There are 2 protein chains.
Amino acid sequence: MGDHVSGKGLKRADLARRTGCNLETIRYYEKIGMMPDPPRTASGYRVYDETHVGRLRFILRGRELGFSIEELRGLLQLVDRGTQTCAEVKALTEQHLADVRAKIAELRRIEKVLAATAAQCSGEEVPECPVLEALAS
Amino acid sequence: MGDHVSGKGLKRADLARRTGCNLETIRYYEKIGMMPDPPRTASGYRVYDETHVGRLRFILRGRELGFSIEELRGLLQLVDRGTQTCAEVKALTEQHLADVRAKIAELRRIEKVLAATAAQCSGEEVPECPVLEALAS
DNA sequence: GATAAGGTCTGTAGTGACTACAGACTCAAG
DNA sequence: CTTGAGTCTGTAGTCACTACAGACCTTATC
């Protein structure tokens, strides 16, 4: 009853394979309400269709762009209700972009300090080390 | 019996204030063995001295540079045993630096996609939105 | 029909690095 | 002596998963 069988619905592993999502993550997204509870077979197996594939891909792409689950939940609620506007989504995106840029700035600060300190290391088999001095000072 | 009283030892809040560390984090570091169990007063209050201040500052500076707790644990074990060498510390630092640079590269990738997509937004009160299309496609 | 292998179900616990809180105790000042 | 602040403990919550145990179901092979 898998993916390759004509239109009879996908099992969890099929959905995972189609999207590249981890198997357990699908269940997790259902538990936290990011994915709808899917219909079940008589014996309790989840049955997915193309709408689930689309929604899961949306979430996974959002995660790849660094959106938090809560940000995506907000986005999905707007879309589900059909009340989204480009203005609103743009604002959310630009806020997230600002967060990303702040993280980059912080990492660059760290990078500079690490590179400068490591550059002072002799790299020899001696106990004295500029890195340790920077931490201990 | 606080910080300002001559050399009688620091209480937990004193150590927190001296280092800028959160009060609870100190207890956490003791629990996971990053900080030694301090001596106690008869009634069970922790008593710290300058060695604790130094060690905590070491950990906090390391964290500010993005070292993980486990990386710092390794560094501190070397220092505690007196077996550290500049070569070894330099290698650990450069590995960490490579991790930081990888994170920066990933965030820059995200930044580019977000900026390019948001730039296509009309920003108007319409439902169509390039950001949503990028996620849903 | 029997059996074995593999897929799916559930709930729960673990990750990293803290942070917050409840309820009991202690200490210092007025 | 009381009051308020500080400290003690253990535990639970955060975020976004990931992994596992033990039970159940399905499919293929004989």
Side-chain angles (χ1 to χ4, degrees), chain A residues 1-5 8-35 37-48 52 56 58-74 76 96 99 103 106 110, chain B residues 1-5 8-35 37-48 52 56 58-74 76 96 99 103 106 110:
Chain A
M1 202 232 267
D3 194 4
H4 57 292
V5 175
K8 288 280 171 50
L10 309 168
K11 287 201 284 201
R12 191 147 60 103
D14 300 320
L15 180 57
R17 191 169 34 74
R18 285 277 296 272
T19 56
C21 186
N22 180 294
L23 194 64
E24 298 287 329
T25 303
I26 295 170
R27 199 159 62 97
Y28 170 68
Y29 285 159
E30 287 165 11
K31 195 169 72 178
I32 65 171
M34 295 293 287
M35 291 286 291
D37 286 348
R40 305 279 184 137
T41 66
S43 61
Y45 282 26
R46 291 166 177 82
V47 182
Y48 300 101
H52 297 98
L56 183 50
F58 187 104
I59 297 168
L60 294 173
R61 291 216 179 92
R63 297 289 301 130
E64 273 171 27
L65 291 179
F67 285 102
S68 72
I69 291 286
E70 287 313 309
E71 285 169 328
L72 289 171
R73 193 195 296 279
L76 282 166
H96 175 52
D99 296 347
K103 274 190 196 153
E106 169 67 0
I110 290 174
Chain B
M1 201 232 263
D3 193 6
H4 56 293
V5 174
K8 288 280 174 47
L10 309 169
K11 287 202 285 201
R12 192 149 58 104
D14 300 322
L15 181 57
R17 190 168 35 74
R18 285 278 296 273
T19 57
C21 186
N22 179 294
L23 195 65
E24 298 288 324
T25 303
I26 295 169
R27 197 158 65 97
Y28 170 69
Y29 285 161
E30 287 165 10
K31 194 168 75 179
I32 64 171
M34 296 292 287
M35 291 285 291
D37 285 348
R40 304 280 183 133
T41 65
S43 60
Y45 282 26
R46 291 166 176 83
V47 182
Y48 300 100
H52 297 98
L56 183 51
F58 187 104
I59 297 167
L60 294 174
R61 290 216 179 91
R63 296 290 300 128
E64 274 172 26
L65 291 178
F67 285 103
S68 71
I69 290 287
E70 287 312 309
E71 285 169 328
L72 290 171
R73 194 194 296 279
L76 282 165
H96 176 51
D99 296 345
K103 275 190 198 155
E106 169 67 0
I110 290 173

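All values reported here derive from a predicted model rather than from experimental measurement. Below, chain A is the first sequence line, B the second, and so on; all start at residue 1.
Partners of B:R73 according to the salt bridge (Lys or Arg N to Asp or Glu O under 4.0 Å) rule, which considers only residues two or more places apart in sequence or in another chain, are B:E70. Partners of A:H52 by side chain to side chain donor-acceptor pair (under 3.5 Å), not counting sequence neighbours, listed by chain and number: A:D49. Contacts of B:T19 classified as side-chain contact (heavy atoms from CB on, under 4.5 Å), with partners at least two apart in sequence or in another chain: B:L15, B:C21, B:V53, B:L56, B:R57, B:L60. Every residue meeting the side chain to side chain donor-acceptor pair (under 3.5 Å) condition with A:D99, not counting sequence neighbours, appears here in chain and number order: A:Q95. With sequence neighbours excluded, the residues forming a side-chain contact (heavy atoms from CB on, under 4.5 Å) with B:Y45 are B:K11, B:T41, B:S43, listed by chain and number. Taking A:E64 as the reference, nothing meets the salt bridge (Lys or Arg N to Asp or Glu O under 4.0 Å) condition, with sequence neighbours excluded.
One can place CG of A:L15 at 14 Å from C1' of C:dT8, the figure rounded to the nearest angstrom. Between the CG atom of A:L23 and the P atom of D:dC20 there is a distance of 13 Å, rounded to whole Å. Look at CZ on A:R73: it is 12 Å from C1' on D:dA16, rounded to the nearest Å. The separation between A:I26 atom CD1 and C:dC9 atom C1' is 14 Å, rounded to whole Å. Atom CG in A:N22 sits roughly 13 Å away from atom P in C:dT8 (whole-Å rounding). Put simply, CG on B:L56 is 16 Å from P on C:dA17, counting in whole angstrom units. The CG-P distance, from A:D14 to D:dT27, rounds to 12 Å in whole Å. Atoms CD1 (A:I32) and P (D:dC15) sit 10 Å apart, rounded to a whole Å.
To the nearest 0.5 Å, the span separating NZ on B:K103 from CD1 on A:I110 amounts to 8.0 Å. Atom CZ of B:R12 sits about 9.5 Å away from atom OG1 of B:T25, to the nearest 0.5 Å. One distance of note links CG of B:L72 with CZ of B:F58; it measures 6.5 Å at 0.5 Å rounding. One finds the CE atom of A:M34 at 5.5 Å from the CG atom of A:L76 (value rounded to the nearest 0.5 Å).
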Considering only nitrogen or oxygen atoms on both sides, find all protein atoms under 3.5 Å from nucleotides 4-6 of chain D and state each distance.
unit_1: D:dG6; atom_1: N2; unit_2: B:Y45; atom_2: OH; d: 2.6

Write out a two-atom table: protein N or O, nucleotide N or O from nucleotides 10-14 of chain C, distance below 3.5 Å.
unit_1: C:dT10; atom_1: OP1; unit_2: A:R40; atom_2: NH1; d: 3.1
unit_1: C:dT10; atom_1: OP1; unit_2: A:R40; atom_2: NH2; d: 3.2
unit_1: C:dT10; atom_1: OP2; unit_2: A:R46; atom_2: NH1; d: 2.8
unit_1: C:dT10; atom_1: OP2; unit_2: A:R46; atom_2: NH2; d: 2.6
unit_1: C:dG11; atom_1: N7; unit_2: A:R27; atom_2: NH1; d: 3.1
unit_1: C:dG11; atom_1: O6; unit_2: A:R27; atom_2: NH2; d: 2.3

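Contact annotation: B:S43 side-chain N/O to C:dC27 OP1/OP2 distance is under 4.0 Å. OP1 or OP2 of D:dC17 sits under 4.0 Å from a side-chain N or O of A:Y29.
The stretch residues 58-70 of chain A has no heavy atom under 4.0 angstrom from DNA chain C at all.
Applying the salt bridge (Lys or Arg N to Asp or Glu O under 4.0 Å) test to every pair with at least one member in residues 20-31 of chain B, sequence neighbours left out, gives these pairs: B:E24-B:R27, B:E30-B:R46.
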